[in-house]
Structure formats: structure tokens, C-alpha cells
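Everything below concerns the one structure shown next.
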Number of protein chains: 4
Amino acid sequence: MTGGEKRRQARIEQVLDAAADCFVEFGFHRAGMAKIAERARMSPGHIYHYFENKEAIIAAIVDRESARAAERFAEFDAVDSAQLATVMTERAIESIAQKTDILQSALNMEMLAECQRNPEVAEIIQRHDRYIRDQLAHLIHDKLGLDRAEARTDMMMVQFSGLANRLLRNPDLDLKNIVGLMRQTMLSILSPAPVTKGE
Amino acid sequence: MTGGEKRRQARIEQVLDAAADCFVEFGFHRAGMAKIAERARMSPGHIYHYFENKEAIIAAIVDRESARAAERFAEFDAVDSAQLATVMTERAIESIAQKTDILQSALNMEMLAECQRNPEVAEIIQRHDRYIRDQLAHLIHDKLGLDRAEARTDMMMVQFSGLANRLLRNPDLDLKNIVGLMRQTMLSILSPAPVTKGE
Amino acid sequence: MTGGEKRRQARIEQVLDAAADCFVEFGFHRAGMAKIAERARMSPGHIYHYFENKEAIIAAIVDRESARAAERFAEFDAVDSAQLATVMTERAIESIAQKTDILQSALNMEMLAECQRNPEVAEIIQRHDRYIRDQLAHLIHDKLGLDRAEARTDMMMVQFSGLANRLLRNPDLDLKNIVGLMRQTMLSILSPAPVTKGE
Amino acid sequence: MTGGEKRRQARIEQVLDAAADCFVEFGFHRAGMAKIAERARMSPGHIYHYFENKEAIIAAIVDRESARAAERFAEFDAVDSAQLATVMTERAIESIAQKTDILQSALNMEMLAECQRNPEVAEIIQRHDRYIRDQLAHLIHDKLGLDRAEARTDMMMVQFSGLANRLLRNPDLDLKNIVGLMRQTMLSILSPAPVTKGE
DNA sequence: TATGAATGAGACTTCATTCAT
DNA sequence: AATGAATGAAGTCTCATTCAT
């Protein structure tokens, strides 16, 4: 990467950081380009040298945030099979407790709301999710030797997003009492025990 | 209720229906009052005879949708204890499949996003959630005779919102394979089996 | 006057009272018909049975207020010539002190501002002023036997409106110290002493 | 001042000139931003780069006009004591005759009306008035050696605003005949002759 | 590369007035 | 006589985007 390119990349990150900030604080459609420019210490006009329009910034943010979430899932690769449920529970509870959730609530609800109206955003979110699921399903199938790996994967992920969502609706959520049930739930999902096929 | 009051109520519903429509299609902040008025077959100005401002419409929608969600939970009261997990699973899967989810995705993401910036919206959402939890916790404690009813309640609800959320990120979600795991998960959450207290 | 006419007149007064209230509080152009109707305990639509439009209400208010001001000047007719300056001074100071000034500040500034843009309002104000001046000039000429009665009249009235105006710009105005100078000024204006014709 | 700052200042003046124009013609609340923008040869939106809102423009106009009025009073500083009453009379009559009155009628009535509903406007007007009075009182006390300088000052200013006001109510005002009485009045106000303290 | 002045469409909201009842 | 629902134009203000410098 040339010096010019490096500088360009740094400027882009500056804009994205500012944009993420504003999006969290005001939402996609209330965050003005002027405000973003100000926080990125850049003129409004200049942002258009790096992004075609605001939509492109939103897409870039969605992409970056989704990628970061995926990264956080990558660490589960290294976890001992026997400990997977426990570690995942810990991570889920932890991230909720620190409000740095994988699904960083503020931005995430915004993203999911947008994803229903903006096909590009939907594509980005779904692509990253597919990537995470592929990793996790691989883990579940190959390392844990379980069947129906895709379904188990989705059920595991239900717990993550469900928990984040829950905290918004019940801010008094008692994490201390949840943690045991959450581990039990994850263990159940990862249990080889034959399940009567539903429906 | 007088004729005038009935008419007034009907007009208000007209506005709310139109608003819900627009909010689903465009989101809270992209749905213009002009568009809402048009769909409500009413002049923009006249909407202000029924609602102080757009915020009030948003609040009313959030309230109405949350109340409807609560209603859907009310039916669980009548369910046989032994069947609760199965019935809840069925409802969760069903509502997802029919896209009439308790957490009607489109509007719900919007609501949760808003809830982080608008204290009034947060209060409404949390009030309804508390009401649903009180019902469910009562069921779990009194009819099922389980301890930690609040935590189990929250975990049950994690499944509902988590599943809805999942569908947005993975539109190819294989519901047929999920249903068994979901029932197993709910049964696990409602199982009296002692759980090692977490963390 | 028939019963119907009396009732009609009463309703009109109701509107005017409400309008005067609102005009003082919000100004002509910020006082909405809805607010006026509410204070007049009448529906907005019904006001149009008595007044063609808002302009007509403004005109009626200007007329009524000007007439009341004229009435207040009428009492000077009965005053002993020797006491005229003193009594006028007293009235001027009094009305200022009680904020019920002849030129009831709130409404009066509004009226004078309007009078420069609305010929009908101008005509009303000037007609009443002419009436007051005619009375006063007659007093000055016939009872006090002074020359240049019109000019003296205008100078007397300069004191009234000037004082009201002053209070707006200097709310700390020390009336106690003004009163002496005001009497002296009025005496000077009413003094027969030959004045070198100016300019 | 940099070129940018100079340009900015010029643009602001452009807006103020246009606004003053519109305010005189239509009044504060009838003068639309669109009209002001048009006369300032600027887009409506751009005005908001210089002024936070319309209120701010009104405040700026009130400030500018009041400052100009104050300036006009400053010239009296240089006047020979013996000539003060005569010069002030001349200026009062002159400014009335040229309709460039210190209290430029059109705008001034508007300002005084506003001042009763807008505390910021009131503060501005009263601040400038205090400044003018301080100058004049100093003149009266130090150069003319008179007592009760504040009261005399206020009485002098009663003449200015009273005269402007009078012209609105009596457009046929005979200035030629007023001038003598006005000089006499001002002389009387500035006369050292002991006055029986009133009330 | 960088600025920030400038635009103009469109957002929410108010309000005088009309009209069916 | 009386209501108040209803209209729609106009008001203030915001904001994504462009462009001269």
C-alpha cells in the first residue's frame, strides 16, 4: 500500500468512526452529514471524495460492524469442545453486561430495521451472518460430531440476538439468574440426545 | 360512547393504520406526514386534530403494537402446563412463518432502535414487556411450580425475539429443522432440574 | 334593540374580549382563531357569523380600544382650567403606574405597527385621534383662551404616548421623579407666554 | 479580518438589510423567510448558516436598529450646552420630517410590540436605551450642572418617542407649529428652575 | 486533496376559513 | 344559531449534495 493509499484509508476510517458515533446517537436518518463531517474533522464536501453518498457510508458501517461481530465469533474456533457451551454463555453474558454486544444494540437495531428496506444492507448483513454460521456449523459438525449442525447453529445464535434484544425490553434483566439457564440452554442445543423431529 | 366519539376513534384508527403501514415501508423517520395523511385519506393538517405531533403517532403505534403482542401472549394462560413448551414453540414458529411475529420484524426493529433515543418509547415498550413477563412468570411459578420464574420467563422470551431476529439475518432459516431444537430448548428452560448456579 | 339583537351584541363582545386577550398575549398574527374561539367559548366556525374574517376582528378591536381611549380623554372636559395641566399629569402618571395606559402598551404598539400596513386600521386610529384632538383643542382654545390650540394639543398628546413608550424602553423609570417634570412640561405647553416661532 | 470573515460579514449584512426591508413592509411575523431570502439573493436554507432561526434575525435587527439610534444620540455630546434644547428639537423634528426617526416608526412599533412578548428583544432594547440615557444624563448633569439628571433625561426622550408616535396617529401633524412648542418644552425640561416636587 | 458556501427539495407544523350537520 | 371536522396553503427549518476556489 502506497503512502497515499494509507492516508486515504485512514481518512475513510475517520469518517466511519464519526459516522458510527452519530448513527448510535441519532440513528441513520437523523445523523446529518454535517455532524458526521464535524466529528470526522473534515468538511462535508470532502466526505464525497471517499463515499459516493450517505447510503454508501451506511453500507460501509454495516459491513464493518458485521465483520467485527464475525471476528468475535472466530475465537470460538479455538475453544475446547467440552467447554463450548460454557464459553459461549460467558461471552454472551459478558458482551451484554459490557454493552459491547456482538449485536451492539444501538447500531444493530438500526441495521436490522434498515435491512428490510435496503437490499444492499440486507445482502451485507446476510453475507456476514452466513460466514459466521459456516464457521460455527463446521465446529458443531466436525469437532462436536453433531447432526443438524445448521439448525443447532441458528439456535445458538438465537440466544445471542435474543439476549441482546431482551435487555432492551427489560432493562432490569437479572443477568446473574439468567446465566445458569443460558448455559443449560446452550448445552441442550449442543446435546447429541436424539430429539423427536418436530412439526 | 357518543356518535362523535365513535367517529373520532375511527379516524384515529385510520391514522394509526396508515402510519403503521408507512412506518413498515419507510421507517419512522422516512415516513412523511404527507404520505401518512394520504394513506389515511385525510389532509396533513387534520392529523394534528388527533395527534399533537409525529412523535405522538409513533408513541401510539408503539403502544398499539406492544399491546397486540401482549394479547398474543395472553392465550398461553389457557394452555395445559404439560403442553406449554410445545404450544409456545408452535406459536413462535408459526408467527415467524406467517411473518406476523409477536415482534413483527419490520416495525419491531424500528421500535427497538427508537427506544434507545426516545425515553417515552422506551417506557411504553418496557411497560408492555413487564406486563407480559408478569403473566408468564405467574404461569411458570404457580401452574408449573418452578423456581426462578422471572429468569425462566426472560429466557423463554429470548427465544421469541431471538428467532424473529434470526430470520432477518438468515432468511433461508430452515424452520423445519429448528422446531425440534426450539421445543427441546423451551422444555429445558421449563425443566425443574436443578441447575448449577452460573458464572 | 330586540332580544335577538341584544344577544347578538353580547356574543360579539364575547369575541372581542377574547380577541383582545389573545392579541395582548400573542400579538395579532400569533393569536389563532382557534384560541380566540376557545376563550370566547364559541366554535371557530361560529365566529364567522359575526365577523367576516380575522381582519374584521382586528379592526373592531382597534375601534373599541381607540374609543375607550377617547372616553378617558372626555373627562378632561369637566376639569377646571387652572388645574388642567396638573390633572392631565396625574392621569398620565396614574395610567402608566396602573399599566392601564390610554395607550395600553401591549395592544397599542401592535395597533400602531398594524396601522402602517393596514389602511383600514390607520383610518380608525386616526379618526379617533382626530376626535380626541378636537375635544382637547376646543378646551385649550375656548376655555383656556390659548392660540395655536392644535399644536398645543399635539404636544400634550406627545407626553401621553411618549411616557407610555418610555416605560417599555426603561422599565425602571422613576415615576416619582418624573411627575414634577411632567407637570412642569404640561404647564409650559399650556402657558400663554409668547414663544419665538421656531425653525 | 480574513477574506472569508469579510465575505461572511457582508452576507450577514445582506440578510439583515433584506430582513429590515421585509419587517418594515410586512411586520416580523408576516415576513416570510422565503421573502427575506429572495431579497437577500440567497436560498432560504443558506440563511440558517448565518442565523440560528428567525428569532435570531429579529434580535439582530433590533440590536442593529437600536445601535443606530444610539449613534444618532452620540452627536449631542459635541453640542454647546446653551444650544442643547434647540439642537435636540431640530433633530427630533428633522428626523420626523425625514421619516428616518431615531425610532423609525415602522420598525420601532414592531420592536416595542415584540419586546413585550420576547424577553431577549426586551433586553436588547433596554440595554441600548440605558446606554443612551447614560450618555444624556452625563451631559445634563456634568455639562449643564443640573440635578435629577435621570428624570430629565427620560423626559427628553419622552419627547422623541412621543413625537414619532404622534405622527402615526395624526399624519397631518403640523410640524411648523409644533417646533416652537417642542423647543420650549425641551428648554423647560432643561431649566434649572426649582420645581415643586410632585406627588 | 480540501474547504465550506450554497442550493432547493422536502420535512413537520400552523392556521384562516369553509361546510355538512 | 352553532358546531367542529376538514382543508390546503404557507410557514419555519433541515439536510444531502454540489461546486467554485
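For clarity, every value in this text was computed on a predicted model and none was experimentally measured. Letters A, B, ... mirror the listed sequences (proteins, then strands); counts begin at 1.
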Checking all strands, does A/Ala56 fall into the base, sugar-phosphate, or nothing category for heavy-atom contacts under 4.0 angstrom?
nothing
Find out whether D/Phe51 and D/Leu16 are in side-chain contact, i.e. whether some heavy atom of one side chain is under 4.5 Å from a heavy atom of the other.
yes
Between the side chain of C/Glu5 and the main-chain N/O of C/Thr2, is any donor-acceptor distance below 3.5 Å?
yes
Rounded to whole angstrom units, what separation is found between the NZ atom of C/Lys54 and the P atom of E/dC15?
8 Å
Treat a base pair as Watson-Crick or G-U wobble with both distances under 3.5 Å, then lay out DNA chain F in dot-bracket form, 5' to 3', with | for cross-strand pairs.
.||||||||||||||||||||
I need the NZ-P distance between B/Lys35 and E/dG10, as an integer number of Å.
12 Å
Other residues, nucleotides and ligands only: do more than 12 of their heavy atoms fall within 6.0 Å of CZ on B/Arg127?
yes
Find the distance B/Ile36:CD1 to E/dA11:C1' and express it as a whole number of Å.
12 Å
Can you check the A/Glu38 CD to E/dG4 C1' distance for me, whole Å?
13 Å
F/dT14 P sits how many Å from A/Phe26 CZ, rounded?
13 Å
Between the side chain of C/Gln126 and the main-chain N/O of D/Arg169, is any donor-acceptor distance below 3.5 Å?
no
Indicate whether OP1 or OP2 belonging to E/dT14 is found under 4.0 Å from a side-chain N or O atom of B/Tyr48.
no
Between C/Phe28 and B/His29, which residue's closest nucleotide on DNA chain E lies nearer the 5′ terminus?
B/His29
Crowding at CD, A/Glu120 (>12 non-hydrogen neighbours, <6.0 Å):
no
Any side-chain donor paired with an acceptor under 3.5 Å for D/His128 and D/Glu65?
no
Keeping A/Lys35 on the side-chain end and A/Ala18 on the backbone end, is there a donor-acceptor pair under 3.5 Å?
no
From CG of B/Asn53 over to C1' of F/dT12, roughly how many Å is that when rounded to an integer?
16 Å
Which nucleotide sits closest to the side chain of A/Met33: F/dT12, E/dA5, F/dT17?
F/dT17
Got a donor-acceptor contact below 3.5 angstrom from the C/Glu110 side chain to the C/Phe28 backbone?
yes
Under-4.0 Å side-chain N/O to phosphate OP1/OP2 contact, A/Tyr50 with E/dA2
yes
F/dA1 C1' sits how many Å from C/Glu5 CD, rounded?
15 Å
Any side-chain N or O of C/Arg7 below 4.0 angstrom from OP1/OP2 of F/dA2?
yes
Can you label the angle between the A/His49 ring and the A/His46 ring as parallel, tilted or perpendicular, going by 30° and 60°?
tilted
Dump the intermediate steps for side-chain hydrogen bond (donor to acceptor under 3.5 Å, both in side chains) on A/His29 and A/Glu114, then the final yes or no.
CA-CA 10 Å; A/His29 303 303; A/Glu114 194 64 13; 3.2 Å; yes
If you assign B/Glu52 and C/Glu52 each to the DNA chain E nucleotide with the nearest heavy atom, which residue ends up on the more 5' nucleotide?
B/Glu52
Polar atom pairs between nucleotides 7-9 of chain E and protein, under 3.5 Å, N or O only, would you list them?
unit_1: E/dT7; atom_1: OP2; unit_2: D/Ser43; atom_2: N; d: 2.8
unit_1: E/dT7; atom_1: OP2; unit_2: D/Ser43; atom_2: OG; d: 3.3

For B/Ala37, which contact category applies under a 4.0 Å heavy-atom criterion: base, sugar-phosphate, or nothing?
nothing
